[in-house]
Colleague: 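Next up is a structure, given as structure tokens.
Only this structure's heavy atoms are used, side chains among them; waters, hydrogens and symmetry mates stay out.
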Amino acid sequence: MTVTPMFPLGSALLPGERLPLHIFEQRYQDMLRDCLATEDPSFGVVLIARGREAGGGDVRYDVATKARIVGHRDIGGGRHLIECVGAERIRVDVWLEDDPYPRADVRAWPDETSGAPPRSPLAALELDVLRDKIDEMYRLVGKLAAAENAAAPPAPSFSSLPDDPGERLFLLASQVPMGESDRQTILEAPGPGERLRALLDAIDTATDIVRFRLQG
């Protein structure tokens, strides 16, 4: 186990996803200072289950993502802008006191394979099903945007995806609109098979919501 600074947020961070943050609370100023003093500045980002981001007293999930700091700018007045990238998934074993800032004993949690040999890319059939569902959802999103005189968001790209099936699914999930509970479910999926099912369920839910709005 490793004692790691933790940053509770109202959104889940997925591995491979970029995360800009505005640091202003004193405790996170202290956390940032300590992180930047290390060779590999990083901290854990964890979704808040109940409560608020500011002030503490929140209840947090126990599966999180290590966020690596790749950019930092001091904008004065104790405020900082940082750019992070989601790295490996981590599991919290023990939450520690929030003094001087949230911390936890964590361990890396790689994908579980249940004793089976790891698969390289997703099977072609699985990827085709996923692509078809995403394409259909974005077709409907574009239709809804046109009806509301809004700009349609760009569809996810299926080019240059990682070979690792778990990383590939995380990257696709980060580009699909869904609720934070769905994102957390995808993050907590033990392995690629469970993650694929969670992602397909989230896409189906989002698609149903768009269809309902189109009927209104």
Side-chain angles (χ1 to χ4, degrees), residues 1-19 35 40-49 60-70 83-95 102-134 137 155-206:
M1 293 189 296
T2 304
V3 175
T4 299
M6 301 294 292
F7 200 114
L9 282 177
S11 56
L13 175 66
L14 300 177
E17 190 173 21
R18 300 192 74 86
L19 175 68
C35 287
D40 181 21
S42 59
F43 52 91
V45 171
V46 62
L47 177 64
I48 296 172
R60 306 150 190 166
Y61 286 92
D62 288 331
V63 176
T65 301
K66 182 72 73 70
R68 184 160 290 113
I69 300 172
V70 296
E83 184 76 20
C84 307
V85 175
E88 69 269 21
R89 182 173 61 166
I90 55 178
R91 180 182 284 279
V92 174
D93 288 318
V94 179
W95 283 101
R103 297 169 302 140
D105 271 326
V106 307
R107 54 189 163 91
W109 186 25
D111 277 347
E112 299 175 2
T113 58
S114 302
R119 300 160 62 192
S120 57
L122 284 174
L125 179 59
E126 293 172 334
L127 188 57
D128 286 344
V129 170
L130 186 59
R131 180 187 288 113
D132 288 346
K133 283 183 174 287
I134 290 176
M137 182 188 69
S157 171
F158 280 81
S159 62
S160 302
L161 292 172
D163 285 339
D164 179 84
E167 293 178 5
R168 174 176 289 202
L169 288 168
F170 278 138
L171 184 59
L172 287 172
S174 70
Q175 302 179 70
V176 174
M178 67 181 75
E180 295 306 325
S181 61
D182 287 330
R183 287 168 60 86
Q184 184 67 23
T185 298
I186 289 168
L187 180 63
E188 293 183 359
E194 297 89 349
R195 187 166 305 128
L196 175 63
R197 288 191 290 273
L199 178 53
L200 291 173
D201 287 345
I203 293 170
D204 286 343
T205 298

Colleague: Using 4.0 Å as the upper bound for N to carboxylate O, is an ion pair formed by Arg107 and Glu88?
Modeller: no

Colleague: Kindly give the heavy-atom pair with the smallest separation between Gly10 and Ile48, and that separation in Å.
Modeller: N-CD1, 4.3 Å

Colleague: Atom CG in Leu187, atom OG in Ser174: separation rounded to 0.5 Å?
Modeller: 12.0 Å

Colleague: According to side chain to side chain donor-acceptor pair (under 3.5 Å), who are the partners of Asp204, at least two apart in sequence or on a separate chain?
Modeller: Lys133

Colleague: Measuring from Glu17:CD to Leu171:CG, what's the distance to the nearest 0.5 Å?
Modeller: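 Nearest 0.5 Å value for the CD-CG distance: 9.0 Å.
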
Colleague: Nearest 0.5 Å, what's the CD1-CE distance between Ile134 and Met137?
Modeller: 6.5 Å

Colleague: State, to 0.1 Å, how close Ala202 and Met178 come at their nearest heavy-atom pair, and which atoms those are.
Modeller: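 Looking at all heavy atoms of both residues, the closest pair is CB-SD, 3.9 Å.
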
Colleague: Tell me whether the NZ or CZ atom of Arg60 lies within the 45° cone about the ring axis of Trp95 and under 6.0 Å from its centre.
Modeller: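 Positive - Arg60 is close enough to the ring of Trp95 and near enough to its axis.
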
Colleague: Shortest non-hydrogen contact from Ile90 to Ala108?
Modeller: CG2-CA, 4.3 Å

Colleague: Do the side chains of Val63 and Val92 get nearer than 4.5 Å, heavy atoms only?
Modeller: no

Colleague: Can you list everything that forms a side chain to side chain donor-acceptor pair (under 3.5 Å) with Glu83? Sequence neighbours excluded, please.
Modeller: Arg18

Colleague: Which atom pair, heavy atoms only, marks the closest approach of Glu167 to Pro162?
Modeller: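 The answer is OE1-CB, 3.8 Å.
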
Colleague: Who passes salt bridge (charged side-chain N to carboxylate O under 4.0 Å, His left out) against Asp111, sequence neighbours left out?
Modeller: Arg89, Arg195

Colleague: For Thr185, is there any backbone N or O sitting under 3.5 Å from a side-chain donor or acceptor partner on Glu188?
Modeller: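 Absent.
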
Colleague: Are Val46 and Leu9 close enough that some pair of their side-chain heavy atoms sits under 4.5 Å apart?
Modeller: no

Colleague: How close do Cys84 and Phe43 get, counting heavy atoms only, and between which atoms?
Modeller: SG-CZ, 3.8 Å

Colleague: Taking the side chain as everything from C-beta on, heavy atoms only, tell me whether Leu19 gets closer than 4.5 Å to Val85.
Modeller: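 Not touching, per the 4.5 Å side-chain cut-off.
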
Colleague: Take Arg168 and Asp163 through the test side-chain contact (heavy atoms from CB on, under 4.5 Å) and record every step on the way to the result.
Modeller: CA-CA 7 Å; Arg168 174 176 289 202; Asp163 285 339; 4.3 Å; yes

Colleague: Looking at Asp62 and Arg91, is any side-chain nitrogen of the basic one under 4.0 Å from a carboxylate oxygen of the acidic one?
Modeller: no

Colleague: Just how far is it from atom CG of Leu196 to atom CG of Asp201, taken to the nearest 0.5 Å?
Modeller: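 Reported value, rounded in 0.5 Å steps: 9.5 Å.
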
Colleague: Just do the side-chain contact (heavy atoms from CB on, under 4.5 Å) check on Leu172 and Leu161 with the steps written out, would you?
Modeller: CA-CA 9 Å; Leu172 287 172; Leu161 292 172; 4.2 Å; yes

Colleague: For Cys35 and Pro5, which heavy atoms make the closest approach, and how far apart are they?
Modeller: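 Minimum heavy-atom contact is SG-CG, 4.0 Å.
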
Colleague: Within this structure, what is the CE-NZ distance for the pair Met6 and Lys66, rounded to the nearest 0.5 Å?
Modeller: 9.5 Å

Colleague: Decide side-chain contact (heavy atoms from CB on, under 4.5 Å) for Ile203 and Val176; before the verdict, give the C-alpha distance in whole Å, the side-chain angles of both, and the deciding distance to 0.1 Å.
Modeller: CA-CA 8 Å; Ile203 293 170; Val176 174; 4.0 Å; yes

Colleague: Measuring from Ile186:CD1 to Arg197:CZ, what's the distance to the nearest 0.5 Å?
Modeller: 12.5 Å

